[in-house]
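Here is the structure we will look at.
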Amino acid sequence: MNCPTLTLEAATDRTWDVAVVGAGPAGALAARQLAARDREVLLIDKAAFPRRKVCGCCLNAAALAALNTVGLGKLPDQHGAVPLRWLALASRRRRALIPLPRGASLSREVFDTALIQCAVNAGAAFVPKTRAVLRLIRGGPHQLTLHHDGRLVVVESRVVVAADGLGGRLLDGYAELTLRAAPGSRIGAGAIVEAAPSAYAAGSIFMACGQGGYVGLVRLEDGRLNVAAALDRGFVQRVGGPSAAASRLLEEAAMPAISGIEQAKWRGTPALTCAPAHIGAERLFVVGDAAGYVEPFTGEGIAWALASSVAAAPLADQAVDRWDDALAARWEREHRRLIGRRRQLCRLITAALRRAALTRGMVGVLSRAPALAGPIVRRVNAPVPLAPAAGSP
């Protein structure tokens with residue numbers, strides 16, 4: 001998917017019905033859903049695909065249910081996703097093995113590219129390696145200045161879907177739409193290790209919890225080990241970087257050391273817990289991580305991203321034909337209804353994990369009675385209540 005499906009100049013030949021900025025899971029699925037409604041959709045991303053991205057490789061039961069709602073339920077299996085059945089929690093020398101509902105691990109190189117191809121197959125045009133700068137125009141089509149390989153053009157779109165994630169810059173200059181970090185928010189860091197101890201077997205999410213954060217590990221479809229962590233900034237600075245922080249957490253939890261972890265290419269994220277004041281404006285809908293994020297635990301972020309795209313598509317579709325200010329307010333309410341309580345639950349879980357003694361005690365109890373985690377596991381993995389959407393069988 002490195003090659004665009006049209007030239008930069010050809011993108012200026014029309015006023016697009018919808019421009020979707022960001023081709024991660026949220027943006028690609030939104031583009032696919034809108035193209036399936038016979039809209040002219042332009043999908044834009046600054047990256048080349050396939051791209052290596054370490055966060056979001058776990059698809060929990062809620063994420064798989066969202067894909068199934070739009071007829072893409074078989075997509076992970078078609079690309080070799082690894083079934084996930086267990087969550088192995090560790091704190092100091094205590095261990096708990098908790099059964100999970102249906103889940104899967106799939107590298108973001110494969111998953112993102114597959115979703116982009118679904119959008120293109122539905123009729124969306126795709127322009128990678130292109131940075132977009134947005135100018136909101138009241139009462140008329142919005143303008144996007146596209147920067148690609150030293151060239152720039154301006155395209156117009158009746159509706160814009162912002163899906164450019166935690167580090168996106170599309171909404172810079174629009175304060176109420178810009179992500180603001182929560183006080184004390186942890187940062188994310190991750191890497192992919194080519195070879196790792198066999199103790200980290202396929203089919204489980206391994207999680208080491210400690211005073212400075214937690215690190216999760218899962219095998220991907222090609223056998224590589226995905227390592228993703230939520231870390232306190234001060235802890236990272238004290239120990240000398242994210243790889244040292246991950247190694248320290250594994251050591252504290254008495255989990256097997258990973259010899260290649262320091263040589264791996266580590267990538268960081270901005271603050272993990274953040275939100276904008278608003279996620280809708282005139283002919284603008286914000287979805288996915290750009291609509292706010294809470295420190296993740298076992299793949300919740302991807303589920304929220306997919307669900308938000310499916311839910312926003314019908315509203316964006318209506319906005320193409322006729323704008324009504326009620327649509328922006330409706331999107332805010334719908335997003336809170338679908339995702340608000342789920343985020344609150346994750347906040348509670350991650351708040352507990354910040355207390356080392358509480359975490360050790362919790363893991364100790366769950367080691368003897370893992371069924372006690374059942375109600376929380378079911379709530380986290382419960383399907384988001386989405387209506388059947390365009391593109392479903």
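In this chain, numbering begins with 1 at the start of the sequence shown. Nothing here was measured: the structure is a model prediction, and the numbers come from that model.
- A donor-acceptor pair under 3.5 Å is absent between the side-chain atoms of His147 and the main chain of Val133, judged by distance alone.
- For the pair Leu231 and Arg186, the minimum side-chain heavy-atom distance is 4.5 Å or more.
- Pairing each heavy atom of Leu75 with each of Cys118, the nearest pair is CD1-SG, 4.1 Å.
- Summarising the geometry of Ala162 relative to Ala290, their closest heavy-atom pair is O-CB, 4.2 Å, with the distance given to 0.1 Å.
- A salt bridge is defined here as a Lys NZ or Arg NE, NH1 or NH2 lying under 4.0 Å from an Asp or Glu carboxylate O, and Glu300 with Arg343 fails to meet this definition.
- Only one option out of Arg158, Arg283, Arg39 pairs with Asp321 in a salt bridge (Lys or Arg N to Asp or Glu O under 4.0 Å); it is Arg39.
- Looking at Asn68, its side chain never comes within 3.5 Å of a backbone N or O of Leu64 through a donor-acceptor pair.
- At least one donor-acceptor pair under 3.5 Å links the side chain of Asp17 to the backbone N or O of Glu40.
- A donor-acceptor contact shorter than 3.5 Å is absent between the side chain of Ser243 and the backbone of Glu262.
- No more than 12 heavy-atom neighbours from other residues, nucleotides or ligands sit within 6.0 angstrom of CZ on Arg135.
- Contact of the Val384 side chain with the Arg342 side chain is registered, since non-hydrogen atoms from C-beta on lie closer than 4.5 Å.
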Could you pull out every donor-acceptor pair under 3.5 Å between side chains of residues 191-198 and any protein atom, sequence neighbours left out?
unit_1 : atom_1 : unit_2 : atom_2 : d
Glu194 : OE2    : Arg52  : NH2    : 3.4

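- With hydrogens and angles ignored, the 3.5 Å screen pairs no side-chain donor or acceptor of Asn60 with any backbone N or O of Gly103.
- Grouping the Ile, Leu, Val, Met, Phe, Trp and Tyr side chains by contacts below 4.5 angstrom, directly or via other members, places Ile261 with Ile187.
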What do the steps show when you test His278 against Glu332 for side-chain contact (heavy atoms from CB on, under 4.5 Å), and what is the final call? CA-CA 7 Å; His278 293 287; Glu332 304 251 3; 3.2 Å; yes

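- No side-chain heavy atom of Val127 sits under 4.5 Å from any side-chain heavy atom of Thr7.
- Atom CH2 of Trp16 sits about 13.0 Å away from atom CD of Glu156, to the nearest 0.5 Å.
- With rounding to the nearest 0.5 Å, the separation of NE2 in His148 from CD1 in Ile44 is 12.5 Å.
- Hydrophobic clustering of Ile, Leu, Val, Met, Phe, Trp and Tyr side chains at less than 4.5 Å, counting indirect connections, keeps Tyr293 apart from Leu171.
- Between the Arg368 side chain and the Gly364 main chain, a donor and an acceptor come within less than 3.5 Å of each other.
- Taking each heavy atom of Ala47 and Asp45 in turn, the nearest pair found is N-OD1, 2.7 Å.
- Arg341 CZ: 12 or fewer foreign heavy atoms inside a 6.0 Å radius.
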Please step through salt bridge (charged side-chain N to carboxylate O under 4.0 Å, His left out) for the pair Asp172 and Arg169, ending with a clear verdict. CA-CA 5 Å; Asp172 282 3; Arg169 306 297 299 273; 2.3 Å; yes

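- Follow the hydrophobic side-chain contacts under 4.5 Å out from Leu272 and you never reach Ile205; the two are in separate clusters.
- When side chains are defined from C-beta on, Glu176 does not count as touching Pro276, because their heavy atoms never get closer than 4.5 Å.
- Using a 4.5 Å heavy-atom cutoff, the side chains of Leu306 and Leu115 are in contact.
- No donor-acceptor distance shorter than 3.5 angstrom exists from the side chain of Thr273 to the backbone of Val294, with no hydrogens or angles considered.
- Annotation: side chain of Leu225 is in contact with side chain of Ile258 (closest heavy-atom distance under 4.5 Å).
- Asp222 has a carboxylate O that lies under 4.0 Å from a charged side-chain N of Arg224, or vice versa, which qualifies the two as a salt bridge.
- Considering all non-hydrogen atoms of both residues, Pro370 and Leu97 come closest at CB-O, 3.4 Å.
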Which side-chain N or O atoms in residues 210-217 pair as donor and acceptor under 3.5 Å with protein atoms at least two apart or in another chain?
unit_1 : atom_1 : unit_2 : atom_2 : d
Tyr214 : OH     : Glu295 : OE2    : 3.1
Tyr214 : OH     : Pro296 : O      : 2.4

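- Minimum heavy-atom separation, Phe126 to Ala23: CE1-CB, 3.9 Å.
- Leu146 and Val161 fall within a single hydrophobic cluster, where Ile, Leu, Val, Met, Phe, Trp and Tyr side chains are chained together by heavy-atom contacts under 4.5 Å.
- Ile349 and Leu249 are not part of a single hydrophobic cluster, where members link through side-chain heavy atoms under 4.5 Å apart.
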Dump the intermediate steps for salt bridge (charged side-chain N to carboxylate O under 4.0 Å, His left out) on Asp149 and Lys129, then the final yes or no. CA-CA 8 Å; Asp149 196 24; Lys129 298 187 287 186; over 6 Å; no

Pair up each side-chain donor or acceptor in residues 86-94 with any protein partner under 3.5 Å, not counting sequence neighbours, and list the distances.
unit_1 : atom_1 : unit_2 : atom_2 : d
Arg94  : NH1    : Arg360 : O      : 3.1

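- For the pair Arg333 and Trp331, the cation-pi criterion (under 6.0 Å, within 45° of the ring axis) is not fulfilled.
- Nearest approach of Ala19 to Leu144, heavy atoms of both residues: CB-CD1, 3.4 Å.
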